[in-house]
Number of protein chains: 2
Amino acid sequence: MISSPSVEPPDQPAAPLRLPQELVASTAFLLGRLGYACKGRAVEEFEVLGFSPYHYSVLALLSEGERETQATIADALGVDRSQLVGLLDSLEERGMIERRRDPHDRRRHVVSLTAAGKKQLAKFRSLIKRLDEDIVAPLDPESRETLHELLLRIASHHDPRFAAASVGSG
Amino acid sequence: MISSPSVEPPDQPAAPLRLPQELVASTAFLLGRLGYACKGRAVEEFEVLGFSPYHYSVLALLSEGERETQATIADALGVDRSQLVGLLDSLEERGMIERRRDPHDRRRHVVSLTAAGKKQLAKFRSLIKRLDEDIVAPLDPESRETLHELLLRIASHHDPRFAAASVGSG
DNA sequence: TATTGTTATACTCTATAACTATA
DNA sequence: TATAGTTATAGAGTATAACAATA
(Lines give C-alpha, C1' and ligand atoms only; values in the text may rest on other atoms or scores of the structure.)
Protein backbone atom coordinates (compact mmCIF):
# COMPACT_ATOMS: atom_id res chain seq x y z
CA MET A 1 0.00 0.00 0.00
CA ILE A 2 1.21 3.44 -0.91
CA SER A 3 1.54 5.79 2.01
CA SER A 4 0.62 8.85 0.01
CA PRO A 5 -1.95 10.83 1.99
CA SER A 6 -3.94 11.90 -1.05
CA VAL A 7 -5.29 8.81 -2.73
CA GLU A 8 -8.65 10.41 -3.23
CA PRO A 9 -9.15 13.48 -5.40
CA PRO A 10 -8.37 16.61 -3.39
CA ASP A 11 -11.72 18.37 -2.99
CA GLN A 12 -10.12 21.17 -1.01
CA PRO A 13 -6.67 22.51 -1.92
CA ALA A 14 -5.66 22.33 1.72
CA ALA A 15 -1.93 21.77 2.02
CA PRO A 16 -1.52 19.46 5.01
CA LEU A 17 1.96 20.67 5.88
CA ARG A 18 1.30 24.36 6.10
CA LEU A 19 0.87 26.40 9.24
CA PRO A 20 -2.40 28.27 9.71
CA GLN A 21 -2.35 31.64 7.97
CA GLU A 22 -3.31 33.53 11.09
CA LEU A 23 -0.40 32.09 13.05
CA VAL A 24 2.06 33.03 10.35
CA ALA A 25 0.46 36.48 10.37
CA SER A 26 1.32 36.91 14.05
CA THR A 27 4.67 38.52 14.80
CA ALA A 28 4.58 37.03 18.28
CA PHE A 29 4.16 33.57 16.83
CA LEU A 30 6.99 34.06 14.35
CA LEU A 31 9.28 35.39 17.05
CA GLY A 32 8.40 32.52 19.34
CA ARG A 33 9.03 29.85 16.74
CA LEU A 34 12.16 31.44 15.32
CA GLY A 35 13.55 32.08 18.76
CA TYR A 36 12.97 28.50 19.78
CA ALA A 37 14.68 27.26 16.64
CA CYS A 38 17.60 29.63 17.16
CA LYS A 39 18.10 28.51 20.72
CA GLY A 40 17.93 24.88 19.69
CA ARG A 41 20.50 25.38 16.96
CA ALA A 42 22.79 27.23 19.34
CA VAL A 43 22.51 24.56 22.02
CA GLU A 44 23.37 21.87 19.49
CA GLU A 45 26.40 23.67 18.15
CA PHE A 46 27.80 24.56 21.55
CA GLU A 47 27.19 21.01 22.68
CA VAL A 48 29.63 19.77 20.05
CA LEU A 49 32.32 21.80 21.81
CA GLY A 50 31.20 20.50 25.20
CA PHE A 51 29.59 23.77 26.22
CA SER A 52 26.28 25.57 26.28
CA PRO A 53 25.31 29.04 25.05
CA TYR A 54 25.25 30.12 28.68
CA HIS A 55 28.96 29.44 28.93
CA TYR A 56 29.47 31.81 26.06
CA SER A 57 27.32 34.46 27.69
CA VAL A 58 29.38 34.29 30.86
CA LEU A 59 32.70 34.55 29.05
CA ALA A 60 31.43 37.39 26.88
CA LEU A 61 30.31 39.29 29.94
CA LEU A 62 33.61 38.78 31.73
CA SER A 63 35.54 39.89 28.65
CA GLU A 64 34.15 43.34 29.33
CA GLY A 65 35.74 43.34 32.78
CA GLU A 66 35.83 41.22 35.91
CA ARG A 67 32.84 41.18 38.20
CA GLU A 68 32.86 41.86 41.91
CA THR A 69 30.17 39.30 42.70
CA GLN A 70 28.53 36.34 41.06
CA ALA A 71 25.17 37.93 41.64
CA THR A 72 25.91 40.79 39.25
CA ILE A 73 26.75 38.23 36.57
CA ALA A 74 23.52 36.35 37.14
CA ASP A 75 21.43 39.51 37.14
CA ALA A 76 23.06 40.93 34.03
CA LEU A 77 22.51 37.71 32.09
CA GLY A 78 19.08 37.09 33.52
CA VAL A 79 19.84 33.65 34.91
CA ASP A 80 19.15 32.46 38.41
CA ARG A 81 22.03 32.76 40.86
CA SER A 82 21.85 29.10 41.71
CA GLN A 83 22.01 28.22 38.04
CA LEU A 84 25.11 30.33 37.60
CA VAL A 85 27.01 28.28 40.16
CA GLY A 86 27.14 25.23 37.94
CA LEU A 87 28.11 27.30 34.93
CA LEU A 88 31.01 28.88 36.81
CA ASP A 89 32.00 25.51 38.25
CA SER A 90 32.41 23.97 34.83
CA LEU A 91 34.23 27.01 33.47
CA GLU A 92 36.54 27.08 36.47
CA GLU A 93 37.30 23.35 36.21
CA ARG A 94 38.46 23.95 32.66
CA GLY A 95 40.55 26.90 33.73
CA MET A 96 38.61 29.50 31.81
CA ILE A 97 37.54 31.68 34.68
CA GLU A 98 38.91 32.42 38.11
CA ARG A 99 37.08 32.90 41.39
CA ARG A 100 38.92 34.96 44.00
CA ARG A 101 37.46 35.55 47.43
CA ASP A 102 37.07 39.24 48.13
CA PRO A 103 39.33 39.86 51.19
CA HIS A 104 37.10 42.73 52.32
CA ASP A 105 33.94 40.63 52.24
CA ARG A 106 34.77 36.97 52.35
CA ARG A 107 31.29 35.99 51.22
CA ARG A 108 31.93 37.41 47.79
CA HIS A 109 33.67 35.96 44.78
CA VAL A 110 35.40 38.21 42.29
CA VAL A 111 35.13 36.44 38.94
CA SER A 112 37.48 37.07 36.05
CA LEU A 113 38.49 35.65 32.70
CA THR A 114 41.73 33.69 32.24
CA ALA A 115 43.93 33.46 29.16
CA ALA A 116 42.40 30.07 28.35
CA GLY A 117 38.98 31.63 28.73
CA LYS A 118 39.82 34.33 26.22
CA LYS A 119 41.01 31.70 23.80
CA GLN A 120 37.80 29.73 24.14
CA LEU A 121 35.81 32.91 23.77
CA ALA A 122 37.41 33.49 20.38
CA LYS A 123 36.17 30.06 19.27
CA PHE A 124 32.70 30.84 20.55
CA ARG A 125 32.70 34.07 18.60
CA SER A 126 33.39 32.35 15.32
CA LEU A 127 30.66 29.83 16.13
CA ILE A 128 28.16 32.61 16.75
CA LYS A 129 29.24 34.40 13.61
CA ARG A 130 28.53 31.29 11.56
CA LEU A 131 25.22 30.76 13.31
CA ASP A 132 24.13 34.35 12.78
CA GLU A 133 25.00 34.21 9.12
CA ASP A 134 23.18 30.96 8.66
CA ILE A 135 20.03 32.29 10.27
CA VAL A 136 19.82 35.50 8.25
CA ALA A 137 21.09 33.75 5.13
CA PRO A 138 18.09 34.66 2.93
CA LEU A 139 18.50 38.38 3.66
CA ASP A 140 20.76 40.87 1.92
CA PRO A 141 23.16 42.91 4.10
CA GLU A 142 20.85 45.89 4.33
CA SER A 143 17.88 43.76 5.41
CA ARG A 144 20.04 42.05 8.00
CA GLU A 145 20.93 45.42 9.42
CA THR A 146 17.29 46.48 9.45
CA LEU A 147 16.16 43.30 11.12
CA HIS A 148 18.76 43.57 13.82
CA GLU A 149 17.89 47.17 14.51
CA LEU A 150 14.18 46.42 14.80
CA LEU A 151 14.74 43.44 17.07
CA LEU A 152 17.04 45.46 19.28
CA ARG A 153 14.51 48.25 19.56
CA ILE A 154 11.84 45.83 20.67
CA ALA A 155 14.12 43.98 23.05
CA SER A 156 15.39 47.12 24.77
CA HIS A 157 11.86 48.42 25.04
CA HIS A 158 10.85 45.38 27.08
CA ASP A 159 14.12 44.72 28.88
CA PRO A 160 16.51 47.58 29.77
CA ARG A 161 19.46 45.18 29.83
CA PHE A 162 19.42 45.25 26.04
CA ALA A 163 19.84 49.03 25.92
CA ALA A 164 22.88 49.96 23.89
CA ALA A 165 25.74 51.49 25.82
CA SER A 166 24.54 55.07 25.69
CA VAL A 167 27.37 57.56 25.51
CA GLY A 168 27.39 60.29 28.09
CA SER A 169 23.94 59.85 29.54
CA GLY A 170 25.11 58.53 32.91
CA MET B 1 22.24 49.33 55.54
CA ILE B 2 21.47 50.57 52.06
CA SER B 3 21.34 47.87 49.44
CA SER B 4 22.65 50.14 46.68
CA PRO B 5 25.31 48.23 44.77
CA SER B 6 27.58 51.22 44.23
CA VAL B 7 28.69 52.47 47.61
CA GLU B 8 32.26 52.89 46.46
CA PRO B 9 33.24 55.29 43.70
CA PRO B 10 32.83 53.63 40.28
CA ASP B 11 36.38 53.24 38.94
CA GLN B 12 35.12 51.61 35.76
CA PRO B 13 31.96 52.86 34.05
CA ALA B 14 30.80 49.26 33.73
CA ALA B 15 27.02 49.12 34.00
CA PRO B 16 26.33 45.93 35.96
CA LEU B 17 22.87 45.39 34.53
CA ARG B 18 23.74 45.49 30.88
CA LEU B 19 24.13 42.53 28.57
CA PRO B 20 27.48 42.05 26.83
CA GLN B 21 27.73 44.11 23.67
CA GLU B 22 28.63 41.14 21.54
CA LEU B 23 25.53 39.24 22.60
CA VAL B 24 23.29 42.17 21.80
CA ALA B 25 25.09 42.38 18.46
CA SER B 26 24.04 38.81 17.61
CA THR B 27 20.77 38.44 15.74
CA ALA B 28 20.56 34.83 16.88
CA PHE B 29 20.85 35.91 20.49
CA LEU B 30 18.22 38.61 20.08
CA LEU B 31 15.87 36.21 18.37
CA GLY B 32 16.41 33.60 21.04
CA ARG B 33 15.77 35.97 23.92
CA LEU B 34 12.83 37.73 22.31
CA GLY B 35 11.29 34.45 21.25
CA TYR B 36 11.58 33.06 24.73
CA ALA B 37 9.96 36.18 26.19
CA CYS B 38 7.18 36.06 23.60
CA LYS B 39 6.42 32.47 24.34
CA GLY B 40 6.39 33.14 28.05
CA ARG B 41 4.02 36.04 27.67
CA ALA B 42 1.73 34.00 25.44
CA VAL B 43 1.67 31.07 27.85
CA GLU B 44 0.78 33.37 30.73
CA GLU B 45 -2.04 35.05 28.88
CA PHE B 46 -3.57 31.85 27.59
CA GLU B 47 -3.25 30.35 31.04
CA VAL B 48 -5.64 33.00 32.37
CA LEU B 49 -8.27 31.61 30.03
CA GLY B 50 -7.42 28.06 31.03
CA PHE B 51 -5.67 27.24 27.79
CA SER B 52 -2.24 27.16 26.21
CA PRO B 53 -0.97 28.65 22.93
CA TYR B 54 -1.05 25.14 21.51
CA HIS B 55 -4.82 25.05 21.92
CA TYR B 56 -5.02 28.18 19.84
CA SER B 57 -2.78 26.66 17.17
CA VAL B 58 -5.02 23.63 16.89
CA LEU B 59 -8.21 25.65 16.63
CA ALA B 60 -6.64 28.00 14.11
CA LEU B 61 -5.57 25.08 11.97
CA LEU B 62 -8.99 23.46 12.10
CA SER B 63 -10.67 26.74 11.18
CA GLU B 64 -9.09 26.31 7.76
CA GLY B 65 -10.87 23.00 7.33
CA GLU B 66 -11.25 19.70 9.12
CA ARG B 67 -8.41 17.20 9.11
CA GLU B 68 -8.57 13.58 8.05
CA THR B 69 -6.10 12.39 10.67
CA GLN B 70 -4.58 13.65 13.89
CA ALA B 71 -1.15 13.03 12.44
CA THR B 72 -1.59 15.74 9.81
CA ILE B 73 -2.45 18.20 12.56
CA ALA B 74 0.60 17.25 14.58
CA ASP B 75 2.88 17.42 11.56
CA ALA B 76 1.53 20.75 10.37
CA LEU B 77 1.98 22.34 13.78
CA GLY B 78 5.29 20.65 14.45
CA VAL B 79 4.23 18.98 17.68
CA ASP B 80 4.64 15.35 18.56
CA ARG B 81 1.68 13.10 17.82
CA SER B 82 1.57 11.90 21.40
CA GLN B 83 1.55 15.46 22.63
CA LEU B 84 -1.38 16.29 20.39
CA VAL B 85 -3.54 13.65 22.05
CA GLY B 86 -3.75 15.56 25.30
CA LEU B 87 -4.43 18.82 23.50
CA LEU B 88 -7.30 17.28 21.56
CA ASP B 89 -8.60 15.58 24.71
CA SER B 90 -8.93 18.86 26.56
CA LEU B 91 -10.46 20.62 23.56
CA GLU B 92 -12.92 17.78 23.06
CA GLU B 93 -13.92 17.74 26.73
CA ARG B 94 -14.83 21.39 26.43
CA GLY B 95 -16.80 20.73 23.27
CA MET B 96 -14.59 22.78 20.99
CA ILE B 97 -13.54 20.07 18.61
CA GLU B 98 -15.03 16.81 17.43
CA ARG B 99 -13.36 13.49 16.75
CA ARG B 100 -15.15 11.20 14.34
CA ARG B 101 -13.86 7.78 13.46
CA ASP B 102 -13.24 7.42 9.76
CA PRO B 103 -15.59 4.57 8.67
CA HIS B 104 -13.24 3.62 5.83
CA ASP B 105 -10.24 3.33 8.10
CA ARG B 106 -11.28 2.85 11.69
CA ARG B 107 -7.82 3.71 12.99
CA ARG B 108 -8.25 7.28 11.91
CA HIS B 109 -9.93 10.23 13.57
CA VAL B 110 -11.36 13.02 11.49
CA VAL B 111 -11.05 16.15 13.59
CA SER B 112 -13.20 19.23 13.12
CA LEU B 113 -14.12 22.48 14.81
CA THR B 114 -17.45 22.93 16.62
CA ALA B 115 -19.48 26.11 17.01
CA ALA B 116 -18.12 26.49 20.54
CA GLY B 117 -14.63 26.07 19.16
CA LYS B 118 -15.18 28.87 16.68
CA LYS B 119 -16.40 31.09 19.47
CA GLN B 120 -13.35 30.37 21.58
CA LEU B 121 -11.13 30.94 18.58
CA ALA B 122 -12.50 34.46 18.28
CA LYS B 123 -11.43 35.15 21.86
CA PHE B 124 -7.99 33.75 21.16
CA ARG B 125 -7.68 36.01 18.14
CA SER B 126 -8.30 39.14 20.15
CA LEU B 127 -5.79 37.93 22.73
CA ILE B 128 -3.14 37.42 20.06
CA LYS B 129 -3.93 40.77 18.54
CA ARG B 130 -3.29 42.48 21.86
CA LEU B 131 -0.12 40.47 22.41
CA ASP B 132 1.22 41.28 18.96
CA GLU B 133 0.55 44.96 19.41
CA ASP B 134 2.18 44.99 22.81
CA ILE B 135 5.32 43.32 21.52
CA VAL B 136 5.85 45.62 18.55
CA ALA B 137 4.65 48.64 20.53
CA PRO B 138 7.82 50.70 20.01
CA LEU B 139 7.62 50.37 16.23
CA ASP B 140 5.62 52.48 13.81
CA PRO B 141 3.23 50.66 11.43
CA GLU B 142 5.71 50.59 8.57
CA SER B 143 8.47 49.12 10.74
CA ARG B 144 6.08 46.51 12.06
CA GLU B 145 5.32 45.50 8.53
CA THR B 146 9.00 45.35 7.65
CA LEU B 147 9.85 43.30 10.73
CA HIS B 148 7.12 40.81 10.04
CA GLU B 149 8.16 40.42 6.44
CA LEU B 150 11.81 39.83 7.37
CA LEU B 151 10.92 37.32 10.07
CA LEU B 152 8.63 35.48 7.71
CA ARG B 153 11.31 35.31 5.04
CA ILE B 154 13.76 33.79 7.49
CA ALA B 155 11.23 31.39 8.95
CA SER B 156 10.06 30.08 5.60
CA HIS B 157 13.65 29.71 4.48
CA HIS B 158 14.35 27.31 7.33
CA ASP B 159 10.94 25.68 7.60
CA PRO B 160 8.70 25.22 4.57
CA ARG B 161 5.62 25.11 6.78
CA PHE B 162 5.86 28.88 7.09
CA ALA B 163 5.69 29.39 3.34
CA ALA B 164 2.84 31.69 2.41
CA ALA B 165 -0.02 30.07 0.52
CA SER B 166 1.39 30.37 -2.96
CA VAL B 167 -1.27 30.85 -5.60
CA GLY B 168 -1.27 28.48 -8.52
CA SER B 169 2.01 26.71 -8.00
CA GLY B 170 0.46 23.35 -7.05
C1' DT C 1 4.04 -6.23 9.23
C1' DA C 2 2.87 -1.27 9.19
C1' DT C 3 0.10 2.51 10.80
C1' DT C 4 -3.13 5.41 13.98
C1' DG C 5 -3.89 6.88 18.10
C1' DT C 6 -2.82 6.31 22.93
C1' DT C 7 -0.41 5.62 27.23
C1' DA C 8 3.65 5.26 30.01
C1' DT C 9 8.39 6.34 31.01
C1' DA C 10 12.45 8.98 31.34
C1' DC C 11 15.01 12.93 30.96
C1' DT C 12 16.06 17.87 30.77
C1' DC C 13 15.31 22.38 32.29
C1' DT C 14 14.12 25.46 35.51
C1' DA C 15 12.19 27.43 39.63
C1' DT C 16 12.02 27.13 44.56
C1' DA C 17 13.62 26.67 48.69
C1' DA C 18 16.76 25.09 52.22
C1' DC C 19 21.61 25.44 53.95
C1' DT C 20 26.68 27.56 55.10
C1' DA C 21 29.59 31.03 55.93
C1' DT C 22 30.22 35.39 56.43
C1' DA C 23 28.70 40.12 57.58
C1' DT D 1 19.18 39.55 60.94
C1' DA D 2 20.62 39.87 56.19
C1' DT D 3 23.51 38.59 52.31
C1' DA D 4 26.63 35.65 48.87
C1' DG D 5 27.17 31.53 47.37
C1' DT D 6 25.89 26.76 47.30
C1' DT D 7 23.19 22.57 47.37
C1' DA D 8 18.96 19.93 47.22
C1' DT D 9 14.29 19.26 45.88
C1' DA D 10 10.31 19.45 43.11
C1' DG D 11 7.73 20.66 39.07
C1' DA D 12 6.83 21.54 34.20
C1' DG D 13 7.81 20.43 29.63
C1' DT D 14 9.36 17.37 26.24
C1' DA D 15 11.20 13.40 23.93
C1' DT D 16 11.22 8.45 23.68
C1' DA D 17 9.41 4.28 23.64
C1' DA D 18 6.00 0.76 24.53
C1' DC D 19 1.07 -0.55 23.60
C1' DA D 20 -3.77 -1.73 21.50
C1' DA D 21 -6.60 -1.51 17.59
C1' DT D 22 -6.92 -1.70 12.84
C1' DA D 23 -5.26 -2.17 8.24
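By convention in this document, chain letters (A, B, ...) are assigned in the order of the sequence lines, proteins followed by strands, and residues within each chain are numbered from 1. As a basis for the values below, the full set of heavy atoms in this structure was taken, side chains included, without hydrogen atoms, waters or symmetry mates.
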- Centres of the A:F46 and A:Y54 rings: under 6.0 Å? no
- Can you check each nucleotide of nucleotides 10-22 of chain C against protein heavy atoms at under 4.0 Å and return B for base, S for sugar-phosphate only, - for none, in 5' to 3' order? ----SSBB----B
- Message: Can you work out whether A:V85 or B:P103 has the more 5'-proximal nearest nucleotide on DNA chain D?
- Response: A:V85
Starting from [atom2] on [N], measure out to [atom1] on [X] and report it in whole angstrom.
X: A:L88; N: D:dG5; atom1: CG; atom2: P; result: 9 Å
X: B:D75; N: C:dT3; atom1: CG; atom2: P; result: 13 Å
X: A:L87; N: D:dG5; atom1: CG; atom2: P; result: 14 Å
X: A:R81; N: D:dT6; atom1: CZ; atom2: C1'; result: 13 Å
X: B:D89; N: C:dG5; atom1: CG; atom2: P; result: 13 Å
X: A:R99; N: D:dG5; atom1: CZ; atom2: P; result: 9 Å
X: B:R100; N: C:dG5; atom1: CZ; atom2: C1'; result: 17 Å
X: A:Q70; N: D:dT7; atom1: CD; atom2: C1'; result: 13 Å

- Query: Within 45 degrees of the axis of the six-membered ring of A:F162 and under 6.0 Å from its centre: does B:R18 put its NZ or CZ there?
  - Reply: no
- Message: Nearest 0.5 Å, please: how far is CG in B:L34 from OG1 in A:T27?
- Response: 11.5 Å
- Message: I want to check something: taking the side chain as every heavy atom from C-beta on, are A:P53 and A:V43 in contact at a cut-off of under 4.5 Å?
- Response: yes
- Tell me yes or no: between the side chains of B:D75 and B:T72, is some donor less than 3.5 Å from an acceptor? no
- Under 3.5 Å side-chain donor-acceptor pair for A:H109 and A:T69: no
- Message: Measuring from the side chain of B:A71 (C-beta onward, heavy atoms only), which nucleotide among D:dA4, C:dG5, C:dT4 has the closest atom?
- Response: C:dG5
- Note on the structure: Residue pairs meeting salt bridge (Lys or Arg N to Asp or Glu O under 4.0 Å), one or both in residues 36-58 of chain A, sequence neighbours left out, come to A:R41-A:E45, A:R41-A:D134, A:E45-A:R130
- Query: Is the phosphate of C:dT6, meaning OP1 or OP2, less than 4.0 Å from a side-chain N or O of B:H109?
  - Reply: yes
